[in-house]
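Just so it is clear: chains get the letters A, B, ... in the order the sequence lines come, proteins before strands, and each one is counted from 1.
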Amino acid sequence: MIRLFDSVDGKVRDLTLREPGHVSMYVCGPTVDNLPHLGHGRFTLVWDVARRWFTFRGLDVTYVSNITDIDDKIIARSLEEDRSTGEVVATYEAQWWEAMDRLGVARPDEAPHATDYVPEMIELISEFLENDIAYVISDGVYFDVSRVPDYGLLAGQPLESLRAGARVEASDEKRSPLDFALWKNAKPGEPSWPAPFGDGRPGWHTECVVMSLGLLGEGFDLHCGGLDLKFPHHENERAQAVAAGRVFSVHWDHNGWVMVGKEKMSKSLGNFTSLTHLAETSDPRAYRLLVLRSHYRSPIGVTPATIADAERALARLDALARRFKLPALAGDTLEVATNYRWVGDAEALFDEVGEALDNDLDTPLAVALLFDALAAANSAADVGDLSYAKQQAVAINALFGALGLSLHSKEDRVDAISADLVTRRDQARAEKDWAEADRLRNELVTLGWVVEDSSTGTLIRRP
RNA sequence: GGCGGCGUGGCCGAGUGGUUAGGCAGGGGCCUGCAAAGCCCCGUACUCCGGUUCGAAUCCGGACGCCGCCUCCA
């Protein structure tokens, strides 16, 4: 049984499923108004890992994650870049998927776009207006949060204390500063859709309710996203579902921030590093390993230093893959445990790692166990127990694959000149001509190779 | 003001009331012609002050410091 933290009560509990054997999860996706940043990377990695693990365990996962393609920021961006919102969206959505591919984040089963659900949103808003749950003011339609008795459930505070601390000015026409826009009236030149309550565009909080319920149905299992979405975004989504008399997600969970120094990385602070930049300057797997090494709800610092640290750790994993000629796993296909044979200590390792991951996705413990196993595998191989070593190595590879981390064992293509140097070096070594052997090694190093000796002679690879 | 989180060895980062987290870096050793890769050993940490306890980094209380949410944000 998989246990997961629930943001509503702050407790870890069994992930109960609507349909046994099937997990329906909705992950709030990005607004494509700019390059994806490290914070996006974290949430996509965290929930990709969750999805992969559930799948590995044999659950049938339906993973839905939206693309917000209409929003104030997108409009602002189109003015800034002097091109249509459609072009802005196309550009940044393409960047988004490219970044996801580089991180090895598997594509969602469904990636709905907000603009494809406008009619459904209009229908919902109309329903709220009819029931006096929403009201019209000069700039649009607003949701009356006082109509939801347990508003504040996710915030962990009753409506009154939320209202007391509200930073938004209550001086406008809203009944409460916490009331939020369901529909924003179009200003000249802005993209808009016709609606009975005036041409305009949907507010952010409405799209996810409509899309999640539309694609996953009532009472879907898990709704997650970054911690910053917990309130007010998720609170407001839920409020709408409740007001509409629909059963919303049963389980909520949120991942922690990416920190920049002591501050949270965020759009408003403008302190973000793009995933595009990260991919250009490091092995994208390093970020995944970094994410795996900390708990998903803890804040993590993603800096050149921590990324480099992870890259060095990765080198040890890759060395294992080379040593045992392990196939690269993960990538687009989600691994499933039943495709492997778990016997002896491999089974024990799977049990231990599985227990860790089933317990609120304790990836740091899982990674620690896998590194222990790595040492054991190398150690066994060092003393000649190759069958045990290989068995462990295969299991380690499979389990990292289950978490979406692929170990690289691929051999680099060796050009004729380098191959010749290798041959000559092996010859020199056989003749114990160390001076010549070292000279040839230096030549290979100059050509950019890492040179290692093995029982079968000189091995070269790219760093 | 309300609500929530955090403070661990050089760095990153886990953690259960009492026996090793793990990674990176560093030191020593083994292996190696020398390296590289690999293996083994080492630091004996837990903001401070009280308390509970045979025993607390881990539970309780307090202090200090930091961060976040109550606008937009993954």
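- Figure legend: A:R462 and A:W449 shown as a cation-pi pair, the cationic atom lying under 6.0 angstrom from the six-membered ring centre and within 45 degrees of its axis.
- For the C1' atoms, the distance from B:G13 to B:A21 is 10 Å, rounded to whole Å.
- Look at A:D453 and A:R425 and you find a salt bridge, because one of the NZ, NE, NH1 or NH2 atoms lies within 4.0 Å of a carboxylate O, short of that distance.
- If you take atom C1' in B:G5 and the same atom in B:C41, they sit 38 Å apart, rounded to whole Å.
- We find that CG of A:L374 is positioned 12 Å from C1' of B:G22, with the value rounded to whole Å.
- B:G33 atom P lies 18 Å from atom CG of A:L440, rounded to whole Å.
- Residue-to-nucleotide contacts include no donor-acceptor pair under 3.5 Å from the side chain of A:N378 to the base of B:A37.
- Look at the C1' atom in both B:C69 and B:G62: the space between them is 25 Å, to the nearest Å.
- Contacts of A:R323 with the nucleic acid, taken as non-hydrogen atoms under 4.0 Å apart, involve only primed sugar atoms and P, OP1 or OP2.
- Between B:G43 and B:U20, the two C1' atoms lie 13 Å apart (nearest whole Å).
- Comparing B:G15 with B:U58, their P atoms are spaced 15 Å from each other, to the whole Å.
- A:M259 places its CE atom 13 Å from the P atom of B:C66, with the value rounded to the nearest Å.
- Taking 3.5 Å as the limit, the base of B:C34 and the side chain of A:R441 contain a donor-acceptor pair of atoms between them.
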